[in-house]
Amino acid sequence: MNIVSILLSLSLSVPVFAIAADTQSTSENTNGSEIEVLHWWTSGGEALAVKELKDMMKEQGHNWKDFAVPGRAGASAINTLRIRTLSGNPPDVAQIKGPEIQEWGAQGFLTNIDDVAEQQSWSELLPRRVSDYLKVDGHYVAVPFNIHRVNWLWANRKVFEEVGAALPQTLDEFFVAAEKIKAAGYIPLALGNEAWQEATLFESIALAIMGTDDFRRAFSEHNSELLTGSKMRETLLTLRRMKQYTDANSPGRSWSDTTSLVIEGKAAMQIMGDWAKGEFLAADKIAGKDFVCLPAPGTANQFSFNIDSFVFFNKDNPQTIASQKELATLILDPEFQREFNQNKGSIPVRVDIDMQNFDDCAQDAMQAFLRAAATDNLVASLSHNMAIGRASQIALFDVISRFYNNDNVDIDETLRHVRAAVLADKL
Ligand code: BGC
C-alpha cells in the first residue's frame, strides 16, 4: 500500500481540524537556523528525555521548532505527517520507525545520511538487527535512539506486599495474584482501553502462549494455520479473561495516566513497554524500591524490541540541511545516549555504552537483550510497528479491540479477521 492510498483511507476517520487542534507547536527563540521536528514524545518521561536533545541543539545554535502530536503511541503523529507531506509541507525531521521507514524512503521523501553514519562509524556501533531498519537500498536514512523492550510488567511493590501476593512469573501466577489484589480492593491490572494499549497486552500474551518461533511464523511469515490456530485462540481468550481485572474507567485513558495508577498505588500492575519506566522516574520513584519491573508473565527469555528513530526530509535550504546533520550526529553522541535512555526507560542503541550508572531495570533489559539475541529469542514488536506495516497494524488493532471490548464478538470470526489483518500489508 503506498502513502497516497493510506492517506485516502485515513482521511475519512481523522478530521484535519482535530489534528490541528491536538498538536503542540512551539519554537524556542534563538538566532540560529530553525529545524522543525515532528514527534509524539509528550508524556512526563518522554518530554524529559527529548528536552536534552533540544537543549543540545540550542547550544549548537540551532532553533528546534517543536511539532508534537500526542496520542495513540504515534498513530496521530503519523497521520499528521502524511497530511502535511501530501500537502507539500513536510517537517524537517520526523519520528518514524520500523518498516515504515522503507515506505517513506521508497517514495523518495527522505535524505541520505550515509555521511553521518560513516563519520560516526555506525557499522561498528549498531547491532545489525537495528541497522537493517535504518537503510533504504543500502543507504542510511534514519538515526536510532534506543532499544525499548515491550514485554514488561510494572508492579507497585507496596500493593503487592500489603496484599501478600507474589510477583507473577507465569500467566497462571498472574491470575492468582490478580484475584488476591482484586479481593483486597485494588485494581489488579491498569489498562487504558485504546486499541494500541490492548494490542500491546495482546502481544505479551501471544509471546507467552505461542512461543518465539510460532509468534514469528504467524506474524512475520503469515502462517495461516498459526494465525487461526489453537494458540491464537488461547491468546485471545486470555486477553479477554484479563478484562475482569481492569477498572471501569479504562476507556480512552492514556498510557501515562494508566501508569500513574500504578505509581500512586491505586493499581498493582501494568503490562507495557519500558517507556512506562520514564513515568515512574519522572515521579521520583526508584526502581526496585517503589516499583518492580519484571518480564511480562511467561516471557522471561524473550525480548520484543521497539526502536525509536528520526528521519530527515529532503530540503533545499543549506542551513536546514546543516541542522539536520547536526541533529543526526547528536542523537548517537555517547553522553546523549546515556542521558536520554536513562530518562526514557530504554537501553542505549550503541553497543559501547557503559551501563554502570543505569538502574536495575535497564541492566536487566540489557542482559535480556543479549540473552535473547544469543538464543534467537529477539522478536520485532507487533504492536509498535516493528513487525508489520501500518495497514496491517491498523486492521489488527481493530480486530483485537473489538474482541476485547465486546463479549458477543465471536472467536472463530475474530480468528479469520486476525489472519486477514496480518495479510493486509500485502494488498
Ligand atoms: C514509542 C515510544 C513511546 C511510546 C508511547 C512507542 O511506540 O516507541 O518511544 O514512548 O510509543 O508514546
Side-chain angles (χ1 to χ4, degrees), residues 22-24 37-53 66-81 93-101 130 133-134 142-152 154 190-192 194-204 252-260 270-282 293 303-311 331 336-337 339-349 361-362 365 369 379-390 393-394 396-397:
D22 212 20
T23 55
Q24 302 167 1
V37 184
L38 189 152
H39 65 93
W40 66 86
W41 284 331
T42 55
S43 76
E46 291 173 339
L48 208 64
V50 77
K51 181 177 179 302
E52 176 77 11
L53 192 56
D66 209 38
F67 197 92
V69 187
R72 303 191 294 148
S76 307
I78 297 292
N79 289 346
T80 307
L81 179 63
V93 182
Q95 186 180 355
I96 302 183
K97 60 189 160 97
E100 265 185 310
I101 294 172
V130 174
Y133 281 102
L134 312 171
V143 55
F145 281 80
N146 57 3
I147 302 176
H148 270 303
R149 186 185 196 186
V150 175
N151 54 315
W152 275 119
W154 305 92
L191 177 75
E194 291 181 317
W196 76 270
Q197 292 187 56
E198 294 153 0
T200 302
L201 179 58
F202 169 90
E203 171 169 347
S204 280
R253 186 170 52 215
S254 74
W255 71 271
S256 51
D257 286 350
T258 303
T259 308
S260 294
Q270 181 183 22
I271 294 178
M272 181 50 67
D274 43 20
W275 45 93
K277 192 182 80 179
E279 300 308 297
F280 284 95
L281 300 182
C293 52
F303 191 113
S304 164
F305 67 86
N306 172 26
I307 300 159
D308 287 310
S309 44
F310 274 3
V311 297
I331 292 170
F336 174 69
Q337 280 284 305
E339 278 288 322
F340 176 85
N341 285 299
Q342 277 171 346
N343 286 320
K344 188 72 175 63
S346 38
I347 53 175
V349 70
C361 297
F369 179 78
V379 294
S381 172
L382 179 68
S383 53
H384 288 272
N385 274 99
M386 301 304 294
I388 54 179
R390 188 63 63 176
Q393 200 199 57
I394 291 170
L396 187 62
F397 281 15

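First listed ligand is number 1; within each ligand, the first listed atom is number 1. Just so you know, these numbers come straight off a predicted model, no measurement behind them.
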Flag [X] as yes when one of its N or O atoms lies below 3.5 Å from any N or O atom of ligand 1, and as no otherwise.
| X | answer |
| --- | --- |
| W275 | no |
| W196 | no |
| Q95 | no |

* Asked: Going by an N to O cut-off under 4.0 Å, is there a salt bridge joining E100 and R390?
  -> yes

If the cut-off is 4.0 Å to any non-hydrogen atom of [X], which atoms of ligand 1 fall inside it?
| X | value |
| --- | --- |
| W40 | 1 (C), 3 (C), 11 (O), 12 (O) |
| N306 | 1 (C), 6 (C), 7 (O), 8 (O) |
| H148 | 9 (O) |
| W255 | 5 (C), 12 (O) |
| E46 | 3 (C), 4 (C), 5 (C), 10 (O), 12 (O) |
| D308 | 1 (C), 2 (C), 8 (O), 9 (O) |

* Heavy-atom gap W41 to ligand 1 smaller than 4.0 Å ->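 The answer is yes: ligand 1 sits under 4.0 Å from a heavy atom of W41.
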
* Main-chain N/O of F336 paired with E339 side-chain donor or acceptor, under 3.5 Å -> no

* Asked: Is the backbone of S383 close enough, under 3.5 Å, to the side chain of E203 for a donor and an acceptor to pair up by distance?
  -> yes

* When rounded to the nearest 0.5 angstrom, what distance separates CD1 in I271 from CD in Q197? -> 12.5 Å

* Asked: When H384 is tested against each of F305, F397, W275 for ring-ring contact (aromatic ring centres under 6.0 Å, His included), which residue passes?
  -> W275

* Asked: Are I307 and K97 close enough, and set up right, to give a side chain to side chain contact (heavy atoms under 4.5 Å, CB included), and what steps lead you there?
  -> CA-CA 7 Å; I307 300 159; K97 60 189 160 97; 5.9 Å; no

* **From K97, M386, Q197, K344 - option closest to atom 2 (C) of ligand 1 by heavy atom** =>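 Among K97, M386, Q197, K344, the closest heavy atom to atom 2 (C) of ligand 1 comes from K344.
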
* **Derivation and outcome, side chain to side chain contact (heavy atoms under 4.5 Å, CB included), residues N343 and E52** => CA-CA 10 Å; N343 286 320; E52 176 77 11; 5.7 Å; no

* Which residue supplies the protein heavy atom nearest to atom 6 (C) of ligand 1, what is that atom called, and how far is it? -> H384 ND1, 3.5 Å

* Asked: Would you call the rings of F340 and F145 parallel, tilted or perpendicular, where under 30° means parallel and over 60° means perpendicular?
  ->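 Plane angle between 30° and 60°, so tilted.
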
